[in-house]
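Some notes on the structure that comes next.
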Amino acid sequence: MKSILTPLGPKADKDTVRRHNLSLVLRAVRDEGESGEATRAGVSARVGLTRAAVSSLVEQLMESGFLTESGKTFSGQAGRPGTALKVARTGPAGLGVEINIDYVSVCVVDLAGTGRVRQTEHLDNRGASAGEVLARAARIAARTLDSAREQELRPVGATLALPGLVSGGSVRQAPNLGWNEVPAEDLFAEALTALRPGNPVLPVASENEANLAALAELWFGGLGDVRSFLYLTGEIGVGGALVLGGELLRGAHGFAGEIGHVVVDPDGPECRCGSRGCLEQYAGQTALLRAAGIDGSGGGAGVVELERRARAGDGRAVAALTEAGRMLGRVVSGAVNLVDPDAVVLGGIYRGLMPWLSPPADEELTGRVVSGLWSPGSGRLRASSVAGDAARGAAALVVQDVLADPVAYAEPQGV
């Protein structure tokens with residue numbers, strides 16, 4: 001039997017080990033700061049390094065602008081009081097740019113994961129070319145970067161959150177935008193660089209927007225101990241992402257999670273993807289508003305009107321939401337049977353529509369999940385947190401890179 005060998009990396013030298021330990025300490029301070037105050041002693045106990053080693057690493061991180069130190073903190077135990085460590089509120093940060101069908105949202109997240117700047121513009125991107133849409137996004141991003149600079153934040157990279165199949169820096173297909181084989185990273189980077197002459201070129205990455213919303217839910221939402229979940233986001237279409245054991249499942253080519261294009265009825269309405277009867281033709285924003293008899297040209301205003309009518313007991317609105325919930329439950333039950341997540345999280349427009357979507361979806365799940373572990377009202381079907389949006393997830397992905405190797409993002413001395 002032929003063995004399969006995993007390629008080995010280079011041997012770790014002193015510099016490599018120190019860079020790794022700097023990351024350990026920085027992440028430990030960030031994590032401790034979420035629940036209380038971090039001290040050198042506490043970090044030492046958490047990461048398994050000596051107090052002296054941690055102090056040396058802390059000093060380097062402070063000199064590079066990643067950590068700050070404040071007054072004394074008392075543990076209640078014998079010994080000298082320590083000083084409280086926190087990740088810096090200035091310096092390296094991440095830029096997230098969500099491009100959707102009817103809006104562009106841009107945010108900056110600092111090292112603690114806090115959203116510091118947010119700019120959103122409601123735009124109809126369906127009739128515009130990819131280059132024009134990405135140029136619009138670059139203009140909003142440039143203004144956001146100016147605001148970040150006023151807060152002494154230095155975004156070191158940008159991530160685009162895009163509603164389609166994203167791979168290798170390009171959008172292979174985004175049916176609702178009409179994009180095919182669009183080099184999104186290059187077009188955005190060129191437009192942003194042209195708007196900011198004299199500034200360093202900002203590295204740009206890209207990812208599917210549902211994946212990034214799911215990561216934001218994982219990092220900032222109210223999931224508690226849940227580490228495996230299926231995330232669905234309702235917008236013009238229906239996006240999906242799967243997180244297993246705290247890790248995003250991207251699939252062999254990065255296209256995992258396209259649940260909106262699971263076929264509910266092969267004889268159903270034609271979908272922009274080229275198939276028929278896809279889930280988004282029953283549960284996407286456009287389909288919902290059409291079924292409820294609401295003009296969908298107003299984008300988000302139509303969803304607000306749908307919720308208002310449903311609360312007032314309008315029969316057509318309630319029927320549209322009930323049917324959408326039933327279709328969601330039918331498709332999601334197959335995914336639950338396949339991967340056995342702890343929870344299913346509904347985000348985007350679904351968050352506010354949960355009172356009407358949840359009962360029929362829960363009913364379908366209860367009847368179709370073969371484990372018998374699903375029951376209505378179990379809490380396994382839940383609304384996303386308000387903190388779990390794609391733009392924040394995109395910005396936080398940049399911050400994760402900084403935390404993983406702070407040395408690579410330290411500002412050069414004398415700058």
Side-chain angles (χ1 to χ4, degrees), residues 96-106 120-138 140-141 158-192 204-216 231-242 248 250-263 269-288 296-297 299-300 347-349 389-391 393-394 397:
V97 182
E98 180 185 2
I99 298 173
N100 223 303
I101 315 304
D102 51 5
Y103 67 89
V104 173
S105 188
V106 182
T120 301
E121 288 193 14
H122 294 279
L123 305 159
D124 186 354
N125 292 322
R126 281 166 286 199
S129 69
E132 183 179 349
V133 172
L134 289 159
R136 291 173 180 172
I140 301 169
T159 302
L160 303 178
L162 302 164
L165 301 179
V166 181
S167 177
S170 294
V171 178
R172 295 281 295 275
Q173 185 183 37
N176 291 311
L177 281 172
W179 291 8
N180 289 284
E181 303 298 338
V182 173
E185 290 179 12
D186 289 344
L187 291 173
F188 177 83
E190 289 167 6
L192 185 61
V204 177
S206 58
E207 179 62 88
N208 172 267
E209 54 91 16
N211 285 350
L212 291 167
L215 288 175
Y231 184 93
L232 276 76
T233 177
E235 301 292 348
I236 299 298
V238 179
L242 183 61
L248 179 68
R250 287 186 167 87
H253 306 97
F255 303 148
E258 287 296 325
I259 200 166
H261 296 288
V262 171
V263 174
E270 186 175 351
C271 182
R272 287 178 179 268
C273 74
S275 187
R276 301 188 73 92
C278 294
L279 175 62
E280 72 174 42
Q281 295 304 309
Y282 300 91
Q285 177 179 307
T286 300
L288 268 171
S297 62
I349 66 168
D389 72 278
L397 201 60

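Values in this document were obtained by computation on a predicted structure and should not be read as measured data.
- With 3.5 Å as the limit, one finds a donor-acceptor pair spanning the side chains of R136 and N125.
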Stepwise side-chain contact (heavy atoms from CB on, under 4.5 Å) check, L248 with N211: CA-CA 7 Å; L248 179 68; N211 285 350; 3.6 Å; yes
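- Residues E258 and L165 meet the side-chain proximity criterion, which asks for heavy atoms closer than 4.5 Å.
- The structure places SG of C271 at 4.5 Å from CD of Q281, a figure rounded to the nearest 0.5 Å.
- No donor-acceptor pair closer than 3.5 Å links the side chain of N100 to the backbone N or O of Y103.
- Nearest heavy atom pair, residue A141 against residue F188, reads CB-CZ, 3.9 Å.
- What you find for Y231 and A210 is that their closest heavy atoms are CD2-O, 4.1 Å.
- Between I101 and N176 the shortest side-chain heavy-atom distance falls below 4.5 Å.
- Across all non-hydrogen atoms, the minimal contact from V182 to A130 is CG1-CB, 3.6 Å.
- Nearest heavy-atom pair, C278 versus C273, reported as atom, atom and distance to 0.1 Å: SG-SG, 3.7 Å.
- Put simply, CG on L397 and CG on L212 are 6.0 Å apart, with the number rounded to the nearest 0.5 Å.
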Derivation of the side-chain contact (heavy atoms from CB on, under 4.5 Å) call for N208 and L162: CA-CA 5 Å; N208 172 267; L162 302 164; over 6 Å; no
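- Separating the CD atom in E280 from the NE2 atom in H261 is a distance of 4.0 Å, to the nearest 0.5 Å.
- Here the straight-line distance linking atom CD1 of I349 with atom CG of L288 works out to 5.5 Å at 0.5 Å rounding.
- Rounded to the nearest 0.5 Å, atoms CZ (R250) and CG (L242) are 12.0 Å apart.
- For the 3.5 Å distance criterion, the side chains of S105 and E98 fail to qualify, holding no donor opposite an acceptor.
- Among L279, T233, V262, the one residue that satisfies the side chain to side chain contact (heavy atoms under 4.5 Å, CB included) test with V238 is L279.
- Pairing each heavy atom of W179 with each of I99, the nearest pair is CH2-CG2, 4.5 Å.
- The nearest pair of heavy atoms linking P183 to S170 is CA-OG, 3.5 Å.
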Test side-chain contact (heavy atoms from CB on, under 4.5 Å) applied to I236 and R126, step by step: CA-CA 11 Å; I236 299 298; R126 281 166 286 199; 4.2 Å; yes
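- Between L134 atom CG and L187 atom CG the span is 5.5 Å, to the nearest 0.5 Å.
- Not one N or O on the side chain of Q173 forms a donor-acceptor pair closer than 3.5 Å with the backbone of G164.
- The closest side-chain heavy-atom distance from L177 to P163 is below 4.5 Å.
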From CA spacing to verdict: side-chain contact (heavy atoms from CB on, under 4.5 Å), R276, V263: CA-CA 7 Å; R276 301 188 73 92; V263 174; over 6 Å; no
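- With S206 as reference, L160 is the one residue of L160, V97, V171 to meet the side chain to side chain contact (heavy atoms under 4.5 Å, CB included) rule.
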